[in-house]
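Everything below concerns the one structure shown next.
Proteins come first, then strands; the chains are lettered A, B, ... in the order of their sequence lines, and each starts at number 1.
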There are 2 protein chains.
Amino acid sequence: MKKQQLTECPLFYGLGEHEIEDALSLFSATQISYEKGAHIMTLSDKSTQFWLVLSGTVHVCCDDEEGHHMIMAVVTPFHTFGESLCYLGLHSGVYAEAKTNVTLLSLDGSILREPPHSSLQFLLQQRFTAMLARKALEMNARIQILCKRSIRDKIFAMFTHYGGQSNGRAFSLPFDRAGMAFYLGVDRSALSRELCRLEDGGYISFSKNEFYWHFH
Amino acid sequence: MKKQQLTECPLFYGLGEHEIEDALSLFSATQISYEKGAHIMTLSDKSTQFWLVLSGTVHVCCDDEEGHHMIMAVVTPFHTFGESLCYLGLHSGVYAEAKTNVTLLSLDGSILREPPHSSLQFLLQQRFTAMLARKALEMNARIQILCKRSIRDKIFAMFTHYGGQSNGRAFSLPFDRAGMAFYLGVDRSALSRELCRLEDGGYISFSKNEFYWHFH
DNA sequence: ACAAATCCGTTGCCGTTGCAACACAAAATA
DNA sequence: TATTTTGTGTTGCAACGGCAACGGATTTGT
């Protein structure tokens with residue numbers, strides 16, 4: 001386990017080596033690996049834990065009755081998932097799937113709910129709350145994207161959100177075309193079609209998950 | 001100010017009268033009223049406070065460059081808005097609008113970020129975090145609705161979410177038809193059209209904001 | 001009570017998008 | 001290398017939905 005890199009986590013940002021060790025122990029952290037395609041958090045888990053991604057990509061998703069797939073969240077290294085359910089002690093109709101081989105840290109949420117015995121514990125509680133707040137803002141942005149009326153506008157909104165407003169710069173997205181379609185709540189082939197129209201129009205260019213944003 | 005009713009808030013649930021008074025004082029609570037149509041939280045506010053709705057309805061919304069209106073959240077009595085921004089000390093591109101005459105409690109978030117001096121303060125911190133977690137789940141549900149591919153499916157998803165799964169029961173929605181359309185990210189007239197198709201098909205009946213859900 | 005504003009359904013038009021099916025390329029596997 | 005699996009673009013078609021414009025009903029305000 002590379003404790004160095006943990007300072008990049010919103011949860012552990014800026015902590016010293018010893019503090020991180022203490023924090024991991026408070027959370028009863030356990031490292032787990034899953035192979036690509038594995039299901040991590042299942043539908044019925046009433047979880048007392050949440051997860052931190054060390055490497056790889058995880059999708060939090062669900063499927064409706066008609067078999068439609070939806071992606072609730074894309075979790076990249078140093079970010080977490082399952083915190084809300086963990087904190088509330090609930091289960092829900094979502095599951096997490098490893099989109100690549102992943103290594104995770106399983107963290108027990110108990111220490112978040114007891115009065116803090118140390119300043120470190122209090123700090124972690126603060127960080128946890130801040131993470132939830134950030135997640136809310138993140139989901140707000142997602143909702144703004146999904147509310148756009150056309151695929152084109154969804155793409156533009158997503159690009160400005162992911163690629164920053166910087167013009168002419170390249171950026172990559174953490175999913176393939178099918179994943180992108182699920183994320184935007186549109187049909188994959190229709191997305192493909194619209195992306196090519198944008199390329200023909202000179203707005204963007206792309207190859208695989210690498211995109212170029214030509215001008216405003 | 002009716003302190004009685006505050007026990008219905010997720011934030012103050014189950015607290016005694018004295019505790020609620022203490023809590024309000026910790027939050028430096030101030031009651032404010034706004035008239036229908038007024039803007040409460042503006043785009044540029046770097047807020048140190050969040051708001052609790054005592055009566056009336058507030059919409060948290062934003063408009064994009066093309067002038068499209070979007071509703072991020074509908075806030076009904078005893079619920080709050082602006083907590084995420086408050087906790088993070090950020091401002092954002094959303095604003096809050098009073099959809100009816102409203103009375104609010106303005107709450108200062110400072111006490112949420114300091115080590116708790118009392119068990120009450122700790123409890124409030126816990127409640128606040130739980131509120132954020134619930135909000136995340138709520139937004140997850142919203143995302144699931146928005147990801148549906150057709151207006152009809154969005155309506156169904158919204159009904160099952162708002163009206164419970166109970167069959168044959170009535171429920172009301174906290175917005176008018178235009179608000180509902182914004183909430184679902186669709187055109188108002190198209191929504192109207194689809195609602196009438198559903199009524200013709202015998203799936204639902206409705207009048208104003210009151211809806212009947214006929215069978216599963 | 002009257003005027004103004006708001007809310008809601010209706011309709012025609014046509015571009016957009018979902019859907020299914022297929023072809024091809026690249027990558028993974030044996 | 002041969003074979004399978006996965007990822008991506010393409011296309012035809014029909015239905016859906018966005019848009020604009022309108023009219024009637026209800027509500028609000030004076």
Between atom CZ in Arg149(A) and atom P in dC16(D), what is the gap in whole Å? 18 Å
Choose from dG9(C), dG7(D), dG17(D) the nucleotide whose nearest atom is closest to any side-chain atom of Cys196(B). dG9(C)
Validation row: Leu132(A), Ser84(A) side chains within 4.5 angstrom (heavy atoms): yes
Can you tell me the distance, in whole Å, between the CG atom of Asn209(B) and the C1' atom of dG9(C)? 15 Å
In whole angstroms, how far is the C1' atom of dT8(D) from the CZ atom of Phe211(A)? 11 Å
Length of the CG-C1' vector between Leu195(B) and dT10(C), whole Å: 14 Å
Quick one: which of dT17(C), dC19(D), dG9(C) gets closest to the side chain of Arg197(A)? dT17(C)
Plane angle bin for Phe81(B) and Trp51(B) - parallel if under 30°, tilted between 30 and 60°, otherwise perpendicular: parallel
Establish whether the base of dG17(D) is bridged to the side chain of Arg193(B) by a donor-acceptor pair shorter than 3.5 Å. yes
Is there a donor and acceptor pair, one atom on the side chain of Arg188(B) and one on the base of dG9(C), closer than 3.5 Å? yes
Measure from the side chain of Val186(B), starting at C-beta and using heavy atoms only, and say which of dG18(C), dG18(D), dC19(D) lies closest. dG18(D)
Given the options Tyr212(B), Trp213(B), Tyr162(B), Phe159(B), Phe171(B) meets ring-ring contact (aromatic ring centres under 6.0 Å, His included) only with Phe159(B)
Under 3.5 Å, is there a donor-acceptor pair between the Thr129(B) and Thr129(A) side chains? yes
